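Note that the coordinates shown come from a computational prediction; the quantities given were computed from them, not determined experimentally.
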Amino acid sequence: MKLSDLPRRAGVGFKPEHFQAINAGPQPIGFFEVHAENYMGAGGPPHAQLAKLREDYALSIHGVGLSIGSVQPLDKAHLSRLKTVCDRYEPESFSEHLAWSTHDSVFLNDLLPLPYTNLTLTAVADHIDQVQETLKRQMLLENPATYLLFAESTIEETAFLAEVVKRTGCGLLLDVNNVFVASTNHHMDASDYLARFPVDAVREIHLSGHSETVDDAGAPLLIDSHDTPVKDPVWALYATLIARIGPVATLIEWDNDVPDWPVLSAEARAADVILQNACKRRAA
């Protein structure tokens, strides 16, 4: 099984509107990430652009449609298309979400939460085993941004993730913004959550922006919207985390209200500064 091996640099999610600016010359970007489902067609401009990028940069492929957390079997046709994409581009990393998005033959355009029980633990582990056996590569599993908790849950989220890693040999994608969003929504301490997170299995980190609103009771409610710069509390959590565990490949996610290339690349440079400082401290 090929293990995840992204450079310990900052990367960004590739957007076609940035292709011309990126292609104008070498960019100080460690890697690009794309959503697998956008490249499941046979050809056309998306593949032409990605093939050109792949010549010069490391690549992370991020899935959004496998429905890893579903109790139903994985869609074999979707998994086959995913394998075709991964075989075509040989990415340094492949990741998916701890979530579900299908029910019977219906695809729900969202990443929905699941209760943390022994039943769902077995289903998730079995699905990850199937993915890794099919792709012949390690999968990274991303922690979710959540807006509710299940009374049925009997396992803490960090313990659930640690057990999935133990059973399957997968890695983890630690989304720091998701940690901050979920911790705020559930009135928990994000630093305490990160202290319990199985960081030894983390192979990639995500940073993104979120939007702020209030719930029906007037309490703060954060939405993982990916439409703003990374917020200061998330930067602070990230810097503390990197100082503790060392540099890890870090992606800036900005999927909605996408800015011009200089703005997005500046966010990546900010993450790179934190990563480089961690390298210097370790060398010293």
Within the 4.5 Å heavy-atom criterion, are Thr146 and Asn185 side-chain neighbours or not? no

Leu82 with Leu59, same ILVMFWY side-chain cluster at under 4.5 Å: yes

Would you mind listing every side chain to side chain donor-acceptor pair (under 3.5 Å) that reaches into residues 188-199, with sequence neighbours excluded? Glu156-Arg196, Glu157-Tyr193

Verify whether one side chain among Thr168 and Asp129 offers a donor that lies under 3.5 Å from an acceptor in the other. no

Between Ile274 and Ala239 the two heavy atoms that sit nearest each other are CG2-CA, 4.0 Å

Is a side-chain donor or acceptor of Glu92 paired with a backbone partner of Asp5 at a separation under 3.5 angstrom? no

Between Asn277 and Arg281, is there a side-chain heavy-atom distance shorter than 4.5 Å? yes

Student check: side-chain heavy atoms of Glu212 and Thr184 closer than 4.5 Å: no

Roughly how far, to the nearest 0.5 Å, is CD1 of Ile61 from OG of Ser95? 9.5 Å

Does a side-chain heavy-atom distance below 4.5 Å link Ser153 with Pro115? yes

Can you tell me how far the CD1 atom of Ile68 sits from the CD atom of Glu142, to the nearest 0.5 Å? 12.5 Å

Of all residues at least two apart in sequence or in a different chain, which pass the side-chain hydrogen bond (donor to acceptor under 3.5 Å, both in side chains) check with Thr120? Thr117

Under the 3.5 angstrom rule, does the side chain of Lys136 hit a backbone N or O of Lys2 as a donor-acceptor pair? no

Which residue, Asn143, Leu98, Leu140, Leu161, forms the side-chain contact (heavy atoms from CB on, under 4.5 Å) with Leu172? Leu161

Show your working on side-chain hydrogen bond (donor to acceptor under 3.5 Å, both in side chains) between Glu17 and Trp261 and close with a plain yes or no. CA-CA 9 Å; Glu17 56 263 43; Trp261 174 246; over 6 Å; no

When rounded to the nearest 0.5 angstrom, what is the spacing between CD in Glu152 and CG in Leu114? 11.0 Å

Please find out if less than 6.0 Å separates the ring center of Phe31 from that of Tyr57. no

Taking the side chain as every heavy atom from C-beta outward, state whether Lys52 and Glu55 have any pair of such atoms under 4.5 Å apart. yes

Same apolar cluster (I L V M F W Y, side chains within < 4.5 Å links), Val181/Leu207: yes

Report the C-alpha distance between His226 and Asp224 in whole Å, list the side-chain angles of each, state the deciding distance to 0.1 Å, and finish with yes or no for side-chain hydrogen bond (donor to acceptor under 3.5 Å, both in side chains). CA-CA 6 Å; His226 294 194; Asp224 182 37; 3.1 Å; yes

So which heavy atom on Ala58 is nearest to which on Pro7, and how close? CB-CD, 3.7 Å

Can a donor-acceptor pair be found, under 3.5 Å and without considering hydrogens, that links the side chain of Arg88 to the backbone of Ala51? no

Is the count of non-hydrogen atoms from other residues, nucleotides or ligands lying under 6.0 Å from Arg81 atom CZ greater than 12? yes

Under a 4.5 Å side-chain heavy-atom rule over Ile, Leu, Val, Met, Phe, Trp and Tyr, are Phe32 and Trp254 clustered together? yes

For the CD atom on Gln20, are there more than 12 heavy atoms of other groups (residues, nucleotides or ligands in this structure) within a distance under 6.0 Å? no

Is a side-chain N or O of Arg203 found less than 3.5 angstrom from the main chain of Leu174, in a donor-acceptor match? no

Calculate, to the nearest 0.5 Å, the distance between atoms CG and CZ belonging to Leu275 and Arg9 respectively. 8.5 Å

Compute the centroid of each ring, for His97 and then for His62, and state whether the two points are separated by less than 6.0 Å. yes

Measure across Glu267 and Trp235 and return the closest heavy-atom pair with its distance rounded to 0.1 Å. O-CH2, 3.7 Å

Any side-chain heavy-atom pair from Leu149 and His186 closer than 4.5 angstrom? yes

Does Lys15 pair with Asp255 as a salt bridge, N-O distance under 4.0 Å? yes

Is there a donor-acceptor pair under 3.5 Å between the side chain of Glu204 and the backbone N or O of Ser93? no

Check for a donor-acceptor pair, side chain of Asp215 on one end and backbone N or O of Leu221 on the other, with a separation under 3.5 Å. no

In this structure, CG of Asn23 is separated from NE2 of His18 (nearest 0.5 Å) by 14.0 Å

When you measure from the side chain of Ser265 to the backbone N and O of Pro262, does any donor-acceptor pair fall under 3.5 Å? yes

Please check if Phe94 and Phe14 belong to a single hydrophobic cluster, counting links between Ile, Leu, Val, Met, Phe, Trp and Tyr side chain heavy atoms closer than 4.5 Å. yes

Flag the pair Met40 / His78 as yes when at least one side-chain heavy-atom distance between them is below 4.5 Å, and no otherwise. yes

Checking side-chain polar atoms at under 3.5 Å, does His47 have a donor or acceptor matched by the opposite partner on Tyr89? yes

Please check: side-chain N/O of Glu253 versus main-chain N/O of Gly13, any donor-acceptor pairing under 3.5 Å? no

Same cluster (ILVMFWY, side-chain, under 4.5 Å), Val164 and Leu173: no

Please examine the side chains of Pro198 and Val165, heavy atoms only from C-beta on, and report whether any two atoms are closer than 4.5 Å. no

Is there a donor-acceptor contact under 3.5 Å from the side chain of Asn177 to the main chain of His206? no

